[in-house]
Amino acid sequence: MTAIKRFYAINDLAASELAKACRATWSLPDDAEIGPVNTNYHADSRHPIDLVVVCESPSFAEVKNHYPAWGDTGLKIFNRWRSSRGPAAENIQFEHPRLAANGIYVTNLVRCQADWIPKDCYEQGARLLTSYKDARVKKAWPLNRDYLAEELREIAKSHKDASVLFACGASFDAQVKEATKFAKTAGLNWLVSFHPSRLADALSWHYNPQRWGARQGTFPGDRDEKNQNEPATAEPATIDDTE
């Protein structure tokens, strides 16, 4: 597969060392394929970056396809963006390249896959318990934070009007607070939201920086907002962490 030059990507040696460090931190097998996964934005993209969406960590689809927010996550981000833009965007159909084509740059707090479990377990429908996945993200954040800080600085150099939306779970308040300082230092507007799958329809405006106004640089609690829990559904089988 031909290497794709991204707007921001850590070099091959750093990528190998990061994956090795994450596997060790999470007590994963040496052959576990966990990334890292870099941004969806190509280095030669002609589309200015309008919105930087920072998610938590890539999952199986992201590692397989080498892009963040692949599949359902990307669809939810796109649908939120489309809702925030109103009638002018309502007929735009989702394909992953549409994110970058509409100025949406995606990256993660942690670049390696925190919800990794053995492939055979995953194919049988098992999933890592969310609490264990969250714990992995928190453990690996110190290994990843400098890359996110550098990435935001690079974005600010050539896309000074870009805004940063932190769309992570509430479990990561401490990590997001630290990451917002990176955005502020880089001179980028920022806003903290909820995970895309938990965002109430009424809050889709989070995905349109033009509507942030005086609310930029704030957390949901500062705006008296609440997330929207999804309807109860049958949960897939879960697997305990191997640590």
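Just so it is clear, the model here is predicted, and its values are computed rather than measured. Residues: numbered from 1 along the sequence shown.
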Exercise. Examine distances only and state if a side-chain atom of Ser16 and a backbone atom of Asp12 form a donor-acceptor pair shorter than 3.5 Å.
Key: no
Quiz item: Under a 4.5 Å cut-off applied to non-hydrogen side-chain atoms, are Asn144 and Leu109 in contact?
Solution: no
Practice problem: Salt-bridge test for Asp115 and Arg136: reply yes if a basic N is under 4.0 Å from a carboxylate O, no otherwise. | Solution: no
Quiz item: Can you tell if the side chain of Ile92 reaches within under 4.5 Å of the side chain of Arg85, non-hydrogen atoms only?
Solution: no
Quiz item: Do any N or O atoms from the side chain of Asn40 and from the backbone of Val106 form a donor-acceptor pair under 3.5 angstrom?
Solution: yes
Practice problem: Please round to the nearest 0.5 Å and tell me the distance separating atom CD of Glu95 and atom CG of Leu75. | Solution: 12.0 Å
Quiz prompt | Path from Leu203 to Val192 over hydrophobic side-chain contacts below 4.5 Å | solution = no
Quiz item: Distance only, no hydrogens: is a donor on one side chain within 3.5 Å (strictly under) of an acceptor on the other, for Thr107 and Glu151?
Solution: yes
Quiz prompt | same_hphob_cluster(Tyr41, Ile155) at 4.5 Å side-chain heavy-atom cutoff | solution = yes
Quiz item: So among Asp161, Ile49, Thr180, Val164, which one has a side-chain contact (heavy atoms from CB on, under 4.5 Å) with Leu188?
Solution: Val164
Practice problem: Just do the salt bridge (Lys or Arg N to Asp or Glu O under 4.0 Å) check on Glu154 and Lys157 with the steps written out, would you? | Solution: CA-CA 5 Å; Glu154 290 301 313; Lys157 287 179 182 178; 3.0 Å; yes
Quiz item: Quick one: SG on Cys22 to CD on Gln113, what's the gap to the nearest 0.5 Å?
Solution: 11.0 Å
Quiz prompt | Residues Asp31, Lys20: salt bridge by 4.0 Å N-O rule | solution = no
Exercise. Just do the side chain to side chain contact (heavy atoms under 4.5 Å, CB included) check on Asn208 and Trp81 with the steps written out, would you?
Key: CA-CA 7 Å; Asn208 184 355; Trp81 171 85; over 6 Å; no
Quiz item: How far apart are the C-alpha atoms of Leu152 and Tyr147, what are their side-chain angles, what is the distance that settles it, and do they pass the side chain to side chain contact (heavy atoms under 4.5 Å, CB included) test?
Solution: CA-CA 9 Å; Leu152 294 178; Tyr147 295 123; over 6 Å; no
Quiz item: Do Arg153 side-chain atoms and Ala186 backbone N/O form a donor-acceptor pair below 3.5 Å?
Solution: no
Self-check item: Heavy-atom side-chain proximity of Lys119 to Phe60 below 4.5 angstrom
Solution: no
Quiz prompt | Derivation and outcome, side chain to side chain contact (heavy atoms under 4.5 Å, CB included), residues Asn38 and Arg111 | solution = CA-CA 7 Å; Asn38 293 298; Arg111 294 170 188 274; 3.5 Å; yes
Quiz item: Does the pair Glu90/Arg82 count as a salt bridge with the N-to-O cut at 4.0 Å?
Solution: no
Quiz item: What about Val52 and Phe182, same hydrophobic cluster or not, with Ile/Leu/Val/Met/Phe/Trp/Tyr joined at side-chain heavy-atom distances under 4.5 Å?
Solution: yes
Practice problem: Please tell me if the side chains of Asn102 and His47 come closer than 4.5 Å, counting only heavy atoms from C-beta onward. | Solution: no
Quiz prompt | Contact check, side chains of Pro36 and Cys112, non-hydrogen atoms, under 4.5 Å | solution = yes
Quiz item: Any cation-pi pair here, Arg127 with Tyr122, using under 6.0 Å and within 45°?
Solution: yes
Quiz item: What do you reckon, is CG of Asp120 surrounded by more than 12 foreign heavy atoms closer than 6.0 Å?
Solution: yes
Practice problem: Test side chain to side chain contact (heavy atoms under 4.5 Å, CB included) on Arg223 and Leu191 and set out the steps. | Solution: CA-CA 11 Å; Arg223 304 186 299 269; Leu191 187 85; 3.2 Å; yes
Quiz item: When hydrophobic residues are tied together by side-chain contacts of less than 4.5 Å, even through go-betweens, does Leu148 share a cluster with Ile104?
Solution: no
Self-check item: More than 12 heavy atoms of other groups within 6.0 Å of Glu33 CD
Solution: no
Exercise. Starting at CG of Asn91, measure out to CD of Gln93 and round the result to the nearest 0.5 Å.
Key: 7.5 Å
Exercise. Compare every heavy atom of Ile34 with every heavy atom of Ala19, then report the nearest pair and how far apart it is.
Key: O-CD1, 3.7 Å
Quiz item: Are the charged groups of Glu56 and Lys133 less than 4.0 angstrom apart, N to O?
Solution: yes
Quiz item: So, Thr39 versus Arg6: side-chain donor-acceptor pair below 3.5 Å or not?
Solution: no
Self-check item: More than 12 heavy atoms from other groups under 6.0 Å of CG on Asp222
Solution: yes
Quiz prompt | Pairwise distance OG(Ser45) to OH(Tyr105) - rounded to 0.5 angstrom | solution = 11.0 Å
Quiz item: Under the ring pair (Phe, Tyr, Trp, His ring centres under 6.0 Å) test, which residues partner His96, sequence neighbours left out?
Solution: Tyr67, Trp70
Exercise. Please determine if Arg215 forms a cation-pi arrangement with Trp205, meaning its NZ or CZ atom is less than 6.0 Å from the six-membered ring centre and no more than 45° off the ring axis.
Key: yes
Quiz item: Which distance, rounded to the nearest 0.5 Å, do you find between the OG of Ser83 and the CZ of Phe78?
Solution: 10.0 Å
Quiz item: Under a single-linkage definition using a 4.5 Å side-chain heavy-atom cutoff for Ile, Leu, Val, Met, Phe, Trp and Tyr, are Phe219 and Phe194 assigned to the same hydrophobic cluster?
Solution: no
Quiz item: What's in the same ILVMFWY side-chain cluster as Val63, cut-off under 4.5 Å, chained through other members?
Solution: Val37
Self-check item: Nearest-0.5 Å distance that lies between atom OG in Ser204 and atom CG in Asn79
Solution: 8.5 Å
Exercise. Heavy atoms only: give me the nearest Ala179-Trp141 pair and the separation to one decimal.
Key: CB-CH2, 4.1 Å
Quiz prompt | Closest approach of Ala114 to Trp26 (non-hydrogen atoms, all atoms of both residues) | solution = CA-CH2, 3.6 Å
Self-check item: Arg145 side chain reached by Glu178 side chain, heavy atoms, under 4.5 Å
Solution: yes
Quiz item: Is there any side chain to side chain donor-acceptor pair (under 3.5 Å) pair reaching into residues 187-196, and which pairs are they, with sequence neighbours excluded?
Solution: Asn189-Gln216, Ser193-His206, His195-Ser197
Practice problem: Would you indicate whether the side-chain heavy atoms of Phe94 and Leu99 approach each other to under 4.5 Å? | Solution: yes
Exercise. Answer yes or no: is there an ion pair linking Lys138 with Asp134, defined by an N-O contact shorter than 4.0 Å?
Key: no
Quiz item: With a 4.5 Å heavy-atom cut-off, do Asn227 and Pro220 have their side chains touching?
Solution: no
Exercise. List the steps and the verdict of ring pair (Phe, Tyr, Trp, His ring centres under 6.0 Å) for Phe7 and His159.
Key: CA-CA 11 Å; Phe7 178 89; His159 298 267; 5.6 Å; yes
